Amino acid sequence: MARRKKVYEGKAKIMYEGPEPGTLVQYFKDDATAFNAEKRATIEGKGVLNNRLSEFFMTGLNAIGVPTHFIKRLNMREQLIRQVEIIPLEVIVRNFAAGSMAKRLGMDEGTALPRPIIEFSYKDDALGDPLVPEEYIIAFGWASQQDLDDIVALALRVNDFMSGVMFGVGIKLVDFKIEIGRIWDGEFMRLVVADEISPDSCRLWDIETGAHLDKDVFRRDLGNLTDAYTEVARRLGVMPTNVTHTPKPTLIN
Ligand code: TMP
Ligand code: ASP
């Protein structure tokens, strides 16, 4: 029986060796976790939706010249990606106060921020992904000052793109998290957007009703997570049912 090598398994995704060197297959699971995996569930259909949505956002970013790891979608749950060296940081961009920022500063969720605010968490589950200042990042060698400047520029471009796309379908992009990877081309290095961009890693609020259309539905027990993600996919026109694979036969006279 054919078997492929599992390279890494995380909480929501599995990476397999890809068909060519420098590629990986990224498989989206239905598993959801919150609060550093204290809360867990399997939510049928989440993986399929996130695979589609991440494809949609990454393809759009590639098209406007923001480099990402995404190559192509392979099937309902898998996509082909460039293998990258992940920088061990969660890069968080906030447009409105919510979540941990609202809690830390005692702000009302939804308060508009004076400008997009970028913060970094050190990716370490055992430590609960602690917030870290740039000083730590540079001193401990996780990234250089030049890398950080490039990461901020990338994050702001992703923010503008995502905010605009979401606004177009009546959704406010409150905040989001991205991860950045390094790709080596001989002695030269490029930074690209990696991991995933999906309602698992964004806060998305309906502009009219304020309804949560993201993983807070699961974190805060606000209803059915698949329904929320399906609504995002429907508005963006990326519902699997919207895709015609086999055109109907046409009668030739
Ligand atoms: P926070 O307000 O809980 O710090 O979350 C900020 C953003 O980052 C929010 O859009 C959710 C996302 N996020 C992740 O993608 N992964 C995580 O582990 C956490 C804590 C947040
Ligand atoms: N990454 C966090 C966890 O595993 C989940 C989150 O709140 O997004 O628990």
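This one's a predicted model, so the numbers in the text were calculated from it and none came from an experiment. As the structure lists them, so they are numbered: ligands from 1, and atoms in each ligand from 1.
- Figure legend: cation-pi geometry between K172 and F96, with NZ or CZ positioned under 6.0 Å from the six-membered ring centre and within 45° of its axis.
- Of the protein's heavy atoms, K177 CB, 3.8 Å lies nearest to atom 12 (C) of ligand 1.
- Remark: distances from the non-hydrogen atoms of K103 to ligand 1 are all 4.0 Å or more.
- Here is the list of ligand 1 atoms found below 4.0 Å of a heavy atom in G99: 2 (O).
- When hydrogens are left out, the protein atom nearest atom 3 (C) of ligand 2 is T33 OG1, 3.3 Å; that is the closest non-hydrogen contact.
- The shortest N or O to N or O distance between E119 and ligand 1 is not under 3.5 Å.
- Checking atom 20 (C) of ligand 1 against the protein gives no heavy-atom contact under 4.0 Å.
- With respect to the salt-bridge test (charged N to carboxylate O, under 4.0 angstrom), the residues R40 and D31 do not qualify.
- With respect to the salt-bridge test (charged N to carboxylate O, under 4.0 angstrom), the residues K177 and E179 qualify.
- Near N36, meaning under 4.0 Å from any of its heavy atoms, are these atoms of ligand 2: 3 (C), 4 (O), 9 (O).
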- Message: Under the criterion side-chain contact (heavy atoms from CB on, under 4.5 Å), I'd like the reasoning laid out for I118 against L156: C-alpha separation, chi angles, the key distance, then a yes or no.
- Response: CA-CA 9 Å; I118 301 184; L156 289 175; 3.9 Å; yes

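- Salt bridge status for K29 with E9: present, with a side-chain N to carboxylate O gap under 4.0 Å.
- Taking any N or O of D200, backbone or side chain, none lies under 3.5 Å from an N or O belonging to ligand 2.
- Screening V193, I81, V84, I197 against T68 for a side-chain contact (heavy atoms from CB on, under 4.5 Å) leaves a single residue, V193.
- If you look at K215 next to ligand 1, there are no close heavy atoms at all, none under 4.0 Å.
- Among protein heavy atoms, atom 1 (N) of ligand 2 sits closest to K11 NZ, 3.7 Å.
- The ligand atoms of ligand 2 that sit less than 4.0 angstrom from a heavy atom of A37 are 3 (C), 4 (O), 9 (O).
- Between D200 and K13 there is no salt bridge, since none of the side-chain N atoms of the basic residue sits less than 4.0 Å from a carboxylate O of the acidic one.
- Evaluated by nearest non-hydrogen atom to atom 8 (O) of ligand 2, the leading choice among R219, E38, R40, E90 is R219.
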- Task: Please step through salt bridge (charged side-chain N to carboxylate O under 4.0 Å, His left out) for the pair E196 and R52, ending with a clear verdict.
- Result: CA-CA 10 Å; E196 71 178 279; R52 276 275 174 183; over 6 Å; no

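- Looking at R219 and D216, a side-chain N of the basic residue comes within less than 4.0 Å of a carboxylate O on the acidic one, giving a salt bridge.
- Of all the atoms in ligand 1, the ones that sit under 4.0 Å from a non-hydrogen atom of R219 are 11 (C).
- Under 4.0 angstrom from ligand 1, there are no non-hydrogen atoms of A102.
- Closest to atom 3 (O) of ligand 1 among all protein heavy atoms lies R203 NH2, 3.6 Å.
- At least one heavy atom of E90 lies less than 4.0 angstrom from ligand 1.
- D227 and T230 share no side-chain donor-acceptor pair at under 3.5 Å.
- Below 4.0 Å from some heavy atom of F176 lie the following atoms of ligand 1, by number and element: 10 (O).
- When only non-hydrogen protein atoms are considered, atom 4 (O) of ligand 1 lies nearest to S100 OG, 2.6 Å.
- For ligand 2, the atoms closer than 4.0 angstrom to any heavy atom of F35 are 7 (O), 9 (O).
- If you number the atoms of ligand 2 from 1 as listed, the ones under 4.0 Å from a heavy atom of K215 come out as 5 (C), 6 (C), 8 (O).
- Summary of contacts: the protein heavy atom closest to atom 10 (O) of ligand 1 is D175 OD1, 2.6 Å.
- Each of E78, Q79, R73, R77 was scored for a side chain to side chain donor-acceptor pair (under 3.5 Å) with N51, with one residue passing: Q79.
- A salt bridge is defined here as a Lys NZ or Arg NE, NH1 or NH2 lying under 4.0 Å from an Asp or Glu carboxylate O, and E109 with R94 fails to meet this definition.
- Screening N159, I117, D175, V174 against N95 for a side-chain contact (heavy atoms from CB on, under 4.5 Å) leaves a single residue, N159.
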